[in-house]
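Everything below concerns the one structure shown next.
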Amino acid sequence: MSKEDQFTMPGLSERIERFFEELPPLLSGVEGMVARGKAYRKALCEAGLAGLDVPAGYGGGGYGPPAKALFAKLSRGRIPAEDDIFTIGLGMALPTLLEFAAEHLRRRYVEPALRGEEIWCQMYSEPGAGSDLAGLQTRALRTAGGWVLNGQKIWTSRAEIAQFAICLARTDVDAPKHKGITMFVVPMDQPGVTVRPIRQITGACEFNEVFLDDAVVPEDHVVGEVNGGWPVAVALMQNERSAIGSGGGRRPVPFEKLRDLVHDRGRAADPRVRGDLADCYIGQRLAELLSELEAESVDAGTPLGAETSLGKLWRSTNGRAAAALVGELAFATGTAWQTGDDREDWAYAVLDACALSLGGGTDEVQKNGIAEKVLGLPRDPYRTDKVPFRDLTVGTQRD
Ligand SMILES: Cc1cc2nc3c(=O)[nH]c(=O)nc-3n(C[C@H](O)[C@H](O)[C@H](O)COP(=O)(O)OP(=O)(O)OC[C@H]3O[C@@H](n4cnc5c(N)ncnc54)[C@H](O)[C@@H]3O)c2cc1C
């Protein structure tokens, strides 16, 4: 009997329940973000619950999308925050490698990512290419010893702890801007890669500038076709939005904590606060339902598409509304707090919420995508499909 035949949802539910009941002692005494994240992944793998939808030949469960959706449902609110260090690897790099990479890359990279042994980052954004990502200027040249990359990336989350990056670079400046881009797997631990942390308003350093100075990439570490990286990049971004929409990465304040704060600050009878709290609950449920709908449609064989922007946009909108309510309740009597005061956590939540509308593509960019690709409204009239990249005034070529 194949693994698929043995699979039953009730059996899986029990295994997931048991795993989360038995998890706390496995993590107790493990200190530090990376160590705790890795300990959680190791436990998940040993329980046979990592990558349930990933084919068994690549170290996954081989069960398909319904098992993934079931896990997402039963694990809600129970996954340690430190698992976020794997969101880029598991939510973005891994599905992209499985769909577009050559077999030797899948064999090499998928299983270690699932096991949490290797951490990934995403080197897309540049100082002159964020929303206009196709304007990126990092160059990749093919040499006898492999590809050589030069340029600068920015806002690269987790680059400081990543071993590998999914990286976009320009391989043909004579082609129009969307046509001359290639996706690479870049080993981060090499002299040509310099990572400089950027301190955020929260005080944390979760993202970085990355300088590529003759960074070397093996000849066969191209994902998809040379100069054919744009559709692969778009597919990765759809996975990214889907991962964020389903609660991965940056976590907004959960409704339950918000409700407790309302009670704690004695505002539960205030009609306006009650209304705002109800809106936050509705928002959180809508985000969850959108992500369930998306999982069902993937299960029915529909590939992820521009609709992923809906979930991403909704998480951002709702997360910022929740943070605004926290700001009002927790800081009603002043914005100073002492270390160890519960307002330290609340301050982090309020300040961190700014990032929700930027990371993974801004709210405006999601709205553009929804308008053009979901609602079928007219596209941006300023199009440069036929102009060679070298003739465009994009990014720092403007200066
Ligand atoms: C927490 C966080 C983590 C991140 N992690 C990563 C990462 O790991 N890897 C990575 O590559 N990048 C990462 N980013 C970068 C992120 O993808 C970019 O910040 C984002 O795409 C916006 O690009 P930008 O900052 O250059 O802003 P810009 O593109 O310069 O946008 C500035 C403003 O103009 C608006 N705008 C731009 N173009 C349009 C348009 N056509 N229509 C309407 N409005 C428009 C934008 O919405 C925005 O409000 C991260 C960002 C954050 C905040």
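Atoms considered below: every heavy atom in the structure, side chains included; atoms not considered: hydrogens, waters and symmetry mates. Each ligand, and each atom within it, is numbered from 1 in the order the structure gives.
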Checklist entry - Which distance, rounded to the nearest 0.5 Å, do you find between the CG of Asp270 and the CD of Glu328? => result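 It comes to 7.5 Å.
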Can you confirm whether the side chains of Tyr109 and His104 place a donor and an acceptor under 3.5 Å from each other?
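No.
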task = Compute whether any side-chain donor of one residue and acceptor of the other, for Asn150 and Asp214, lie under 3.5 angstrom apart.
result = yes
Handout entry: Sidechain N-carboxylate O distance under 4.0 Å for Arg390, Asp174
Key = yes
Output for ligand 1, non-hydrogen cut-off under 4.0 Å, lists Gln122, Tyr124, Ser125, Gly130, Ser131, Trp155, Thr156, Ser157, Phe207, Arg250, Ala355, Leu358, Gly359, Thr362, Glu364, Asn368
According to the interplanar angle, ranging from 0 to 90°, do the rings of Trp155 and Phe207 count as parallel (below 30°), tilted (30 to 60°) or perpendicular (above 60°)?
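It falls in the tilted class, 30° to 60°.
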- prompt: Are the aromatic ring centres of Phe184 and Trp147 under 6.0 angstrom apart?
  reply: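 Centroid separation for Phe184 and Trp147: below 6.0 Å.
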